[in-house]
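Okay, structure first, notes after.
Computed from a prediction, not measured in an experiment: that's the story for all the values here. Whatever order the structure lists ligands and atoms in, that order sets their numbers, starting from 1. Reckoned from all heavy atoms, side chains included, excluding hydrogens, waters and symmetry mates. Numbers here are sequence positions counted from 1.
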Amino acid sequence: MENEALYSREREEMVREQIERRHVRDARVLTAMRAVPRHLFVTQEYQGQAYDDCPLPIAQSQTISQPYMVAVMSSLLELQGTERVLEIGTGSGYQAAVLARLAAEVHTVERHPQLATAARQVLNSLSVRNVVVHCGDGSLGWPSYAPYQGIMVTAATPGLAQALLEQLADGGFLVAPVGGHGSQDLQRWQRVGARFEMESIFPVAFVPLRGEGGWKEGEW
Ligand code: SAM
């Protein structure tokens, strides 16, 4: 209980100092970031650092993204609460838990079965009922539940496949880090009828998206 009170204070400070101070204004995103217990999405070893301003290691040499990045990417989707959303790269499940508070239905895809299982478990333990964790290659999206009013790719992609863009609903936003090892361009795409408009946000550094539409082993 004492620990929970401490984590709650740390989370509040995280939102104030790392997120509000850097001008994330979406009130629904700030509320979600205040509510989701990030320390439960990392192993015990990293729980003391769960509210630090950085990504942290998870299993399979992957990472849980920096809290600020989760907040920015979430706010770029401009969700109102009624949407069906796709996340590619479940990792720990933390981003999906934040999206669950911002949208009606979240589909998230993870290629590592061990991560998908762990994410399901933690989401279940938190009674998050509107997230479905799929296990497989999400690099070309997850067409069975398309269209999505928001799509978020949380691993670096060499480019955005047409097949993925086409799963976006009219007016919806897709956010993805596009580029190679070291640094990528965080891009936001909006579908406007048959057209896709792109906006470049800022440079970011993510682990690679693998699979058919992602980076091949020898390329990264
Ligand atoms: N959103 C995650 C979170 O909140 O913890 C962090 C995601 S981590 C930066 C990127 C994740 O993308 C990794 O877990 C990795 O295994 C996954 N990934 C990479 N390529 C993928 C693919 N083709 N399909 C699904 N997941 C993929």
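Among Arg210, His134, Glu87, the residue whose heavy atom lies nearest to atom 20 (N) of ligand 1 is Arg210.
Those atoms of ligand 1 with a heavy atom of Ser139 less than 4.0 angstrom away are 23 (N). Residue-ligand proximity, Gly136 to ligand 1, at heavy-atom distances under 4.0 Å covers atoms 24 (N), 25 (C). For ligand 1, the atoms closer than 4.0 angstrom to any heavy atom of Gln95 are 1 (N), 4 (O). Residue Val109 has at least one heavy-atom neighbour below 4.0 Å for each of these atoms of ligand 1: 25 (C), 26 (N). With ligand atoms numbered from 1 in the order given, ligand 1 contributes 1 (N), 2 (C), 3 (C), 4 (O), 5 (O) to contacts under 4.0 Å with heavy atoms of Thr90. The ligand atoms of ligand 1 that sit less than 4.0 angstrom from a heavy atom of Leu209 are 19 (C), 20 (N), 21 (C), 22 (C), 23 (N). Interface of His112 with ligand 1, defined as ligand atoms under 4.0 Å from a residue heavy atom, comprises 16 (O). Each of the atoms 14 (O) of ligand 1 lies under 4.0 Å from some heavy atom of Leu115.
Neither the backbone nor the side chain of Gln60 comes within 4.0 Å of ligand 1, counting heavy atoms alone. By the criterion of a heavy-atom distance under 4.0 Å, both the backbone and the side chain of Glu110 are placed next to ligand 1. The part of Pro208 lying near ligand 1 is the backbone, judged by heavy-atom distances below 4.0 Å. Both the backbone and the side chain of Arg111 come within contact range of ligand 1, each with a heavy atom under 4.0 Å. Contacts between Thr154 and ligand 1 below 4.0 angstrom, taking non-hydrogen atoms only, involve backbone and side chain alike.
The shortest N/O to N/O separation between Ser65 and ligand 1 does not fall below 3.5 Å.
Looking at atom 12 (O) of ligand 1, its nearest protein heavy atom turns out to be Gly89 CA, 3.2 Å. Distance from atom 6 (C) of ligand 1 to its nearest protein heavy atom, with residue and atom name: Thr63 O, 3.2 Å. Among all protein heavy atoms, the one lying closest to atom 5 (O) of ligand 1 is Ser92 OG, 2.6 Å. Closest to atom 24 (N) of ligand 1, if we only count protein heavy atoms, is Gly138 N, 2.9 Å. Of the protein's heavy atoms, Gln62 OE1, 3.4 Å lies nearest to atom 15 (C) of ligand 1.
Atom CG of Leu86 is separated from atom CG of Leu168 by 10.0 Å, given to the nearest 0.5 angstrom. We find the NE2-OG distance between His134 and Ser144 to be 6.5 Å, quoted to the nearest 0.5 Å. Glu219 CD to Lys216 NZ: the interatomic distance, rounded to the nearest 0.5 Å, is 6.0 Å.
Checked by atom type, the side-chain pair Thr90/Glu110 shows no donor-acceptor distance below 3.5 Å. Counting only N and O atoms by type, the side chains of Arg11 and Tyr51 include a donor and acceptor under 3.5 Å apart. Checking His107 against Tyr148 by side-chain atom types alone, no donor-acceptor pair falls below 3.5 Å. With hydrogens and angles left out, the side-chain atoms of Gln184 and Thr157 include no donor and acceptor closer than 3.5 Å.
Formation of a donor-acceptor pair under 3.5 Å by the Gln49 side chain with backbone atoms of Gln47 is not found in this model. A distance-only check finds a donor-acceptor pair linking the side chain of Asp137 to the backbone of Glu212 [under 3.5 Å].
The salt bridge (Lys or Arg N to Asp or Glu O under 4.0 Å) contacts involving residues 174-193 comprise Glu78-Arg188, Arg188-Glu199, where partners must be two or more places apart or lie in separate chains.
In this structure, His39 has its ring center no closer than 6.0 Å to that of Tyr46.
At a threshold of 4.0 Å, the pair Glu17-Arg21 counts as salt-bridged, since one of the basic side-chain nitrogens sits closer than that to a carboxylate oxygen.
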